[in-house]
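Since the structure comes first, as structure tokens, the remarks are kept for the end.
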Amino acid sequence: MADLQPLWLTLKLASVTTVCLLLIGVPIAAALATTRYRIKPFVEAVVSLPLVLPPSVLGFYLLLAFSPAQGLGKFLSDHFNIHLLFSFPGLVVGSVIYSLPFMVHPIQSGLEALPSSLREASATLGKTNMQTLFHVLLPNVKPALLTGIVLTFAHTLGEFGLVLMIGGNLPSVTRVASIAIYNEVEALNFHNAHVYAAILLIVSFIILLTVYSLNKRTTKHLRSPL
């Protein structure tokens, strides 16, 4: 019988990563949607890098960065006794970086599509930028916000290369479902590999079906006359 621990660990990683990226991605998307500084293309390129970079490349550089023998890893180890390599917090940090464009891009596109009159009207009423973002802009981009959340969650479910590089294959610590499938296939336990793969397939399909259905309803509601 397949061990369900990798599946729970995968869901936990996807949930924590999505919450972290919701807190980080919304301000970044809002800044990119409104800024016209020359640095904007550079920031957009950095945010989008995980879309084109092989996961093993990103995982390799994070492996070096998290190493307790040098750089960031040494600083965190010496001053805060934090060890990111082969740990769940390390997987979360890596997943946040790897899934960043899946949260930022939909929200940025949604905010850029809003008419500037919304921001101007809010400013005229004396609202701060923060109040305008949370009380005026974000409620009007609910489909984009939902798409970013769901894509981030679903994308994190299937991570393999990056997880293997910085997390290894430690049972109950870093062995997520994608790693467990690889292990079972290598051991020729195709039944257990089928269990993991089928559960991930079903969960991913349900997530995408839910987001498309909700987006359709929300878009219809936003377009309906008052």
Side-chain angles (χ1 to χ4, degrees), residues 10-11 13-59 61-62 91-119 122 129-130 132-163 166 176 178 200 203-223:
T10 301
L11 293 175
L13 177 62
S15 301
V16 175
T17 299
T18 302
V19 172
C20 291
L21 272 178
L22 192 58
L23 299 175
I24 298 170
V26 169
I28 293 176
L32 289 175
T34 56
T35 188
R36 291 181 174 80
Y37 291 120
R38 292 182 178 179
I39 196 175
K40 179 180 177 179
F42 175 79
V43 177
E44 287 180 317
V46 171
V47 170
S48 302
L49 259 181
L51 290 176
V52 297
L53 208 57
S56 56
V57 174
L58 184 58
Y61 284 115
L62 289 179
L91 291 188
V92 172
V93 175
S95 299
V96 165
I97 296 172
Y98 187 50
S99 296
L100 182 62
F102 292 87
M103 180 66 80
V104 171
H105 283 177
I107 301 174
Q108 181 186 350
S109 297
L111 292 173
E112 287 176 339
L114 292 177
S116 58
S117 57
L118 280 177
R119 297 186 185 88
S122 181
N129 290 336
M130 195 67 72
T132 299
L133 175 63
F134 286 100
H135 298 298
V136 178
L137 302 182
L138 289 182
N140 282 283
V141 294
K142 286 179 182 175
L145 198 59
L146 182 61
T147 300
I149 291 172
V150 173
L151 285 182
T152 299
F153 187 88
H155 182 251
T156 307
L157 286 179
E159 283 185 27
F160 178 76
L162 181 138
V163 168
I166 64 176
V176 294
S178 58
L200 285 186
V203 170
S204 299
F205 179 76
I206 292 174
I207 288 172
L208 291 176
L209 181 62
T210 303
V211 72
Y212 282 123
S213 301
L214 289 176
N215 268 350
K216 185 178 179 181
R217 290 183 188 177
T218 306
T219 303
K220 186 177 179 180
H221 174 72
L222 290 175
R223 288 178 177 174

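Values in this document were obtained by computation on a predicted structure and should not be read as measured data.
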For the student: nearest non-hydrogen atoms of Cys20 and Val92, plus distance: SG-CG1, 4.3 Å
Quick one: does Ile28's side chain get under 4.5 Å of Leu100's, heavy atoms only? yes
Heavy-atom side-chain proximity of Leu11 to Phe153 below 4.5 angstrom: yes
Full working for side chain to side chain contact (heavy atoms under 4.5 Å, CB included) between Val136 and Arg119: CA-CA 8 Å; Val136 178; Arg119 297 186 185 88; over 6 Å; no
Is there a side-chain contact between Thr10 and Ser178 in this structure, where contact means two heavy atoms from C-beta onward sitting under 4.5 Å apart? no
CG-CG distance between Leu111 and Leu138, expressed to the nearest 0.5 angstrom: 6.0 Å
Would you mind reporting whether Pro55 and Tyr98 have side-chain heavy atoms less than 4.5 Å apart? yes
Check whether any side-chain heavy atom of Val176 sits under 4.5 Å from a side-chain heavy atom of Leu157, and report yes or no. no
To the nearest 0.5 Å, what is the distance between OG (Ser213) and CD1 (Ile206)? 11.5 Å
If you measure from OG1 on Thr34 to CG on Asn129, what distance do you get to the nearest 0.5 Å? 8.0 Å
Using 0.5 Å steps for rounding, measure from the OG atom of Ser56 to the CG atom of Leu162. 9.5 Å
Exactly one of Leu21, Val19, Thr18 should register a side chain to side chain contact (heavy atoms under 4.5 Å, CB included) with Ile149. Which one does? Thr18
With Thr156 as reference, evaluate Leu13, Val96, Val163, Val16 under the side chain to side chain contact (heavy atoms under 4.5 Å, CB included) test and give the passing residue. Leu13
Contacts table for residues 102-110: side-chain donor-acceptor under 3.5 angstrom, sequence neighbours left out:
residue: His105; atom: NE2; partner: Ser48; partner atom: OG; Å: 2.9
residue: Gln108; atom: NE2; partner: Glu44; partner atom: OE2; Å: 2.9
residue: Gln108; atom: NE2; partner: Glu112; partner atom: OE2; Å: 3.1
residue: Ser109; atom: OG; partner: His105; partner atom: O; Å: 3.0

Does atom CD1 of Ile39 have more than 12 heavy-atom neighbours from other groups under 6.0 Å away? no
Might you point out which heavy atoms bring Leu133 and Ala30 nearest each other, and give the distance in Å? CD1-CB, 3.8 Å
Do Leu114 and Val141 make a side-chain contact, defined as non-hydrogen atoms from C-beta onward lying under 4.5 Å apart? yes
How close do Ile24 and Pro27 get, counting heavy atoms only, and between which atoms? O-CD, 3.3 Å
Can you name the side chain to side chain contact (heavy atoms under 4.5 Å, CB included) partners of Leu53, sequence neighbours left out? Val57, Leu58
Answer yes or no: is there a side-chain heavy-atom contact under 4.5 Å between Ser99 and Glu159? yes
Run the side chain to side chain contact (heavy atoms under 4.5 Å, CB included) test on Leu145 and Val26 for me, step by step, so that the C-alpha distance in whole Å, both residues' side-chain angles and the decisive distance to 0.1 Å come before the verdict. CA-CA 9 Å; Leu145 198 59; Val26 169; 4.1 Å; yes
Check whether Thr147 reaches the backbone of Pro143 with its side chain - one donor and one acceptor, N or O, closer than 3.5 Å. yes
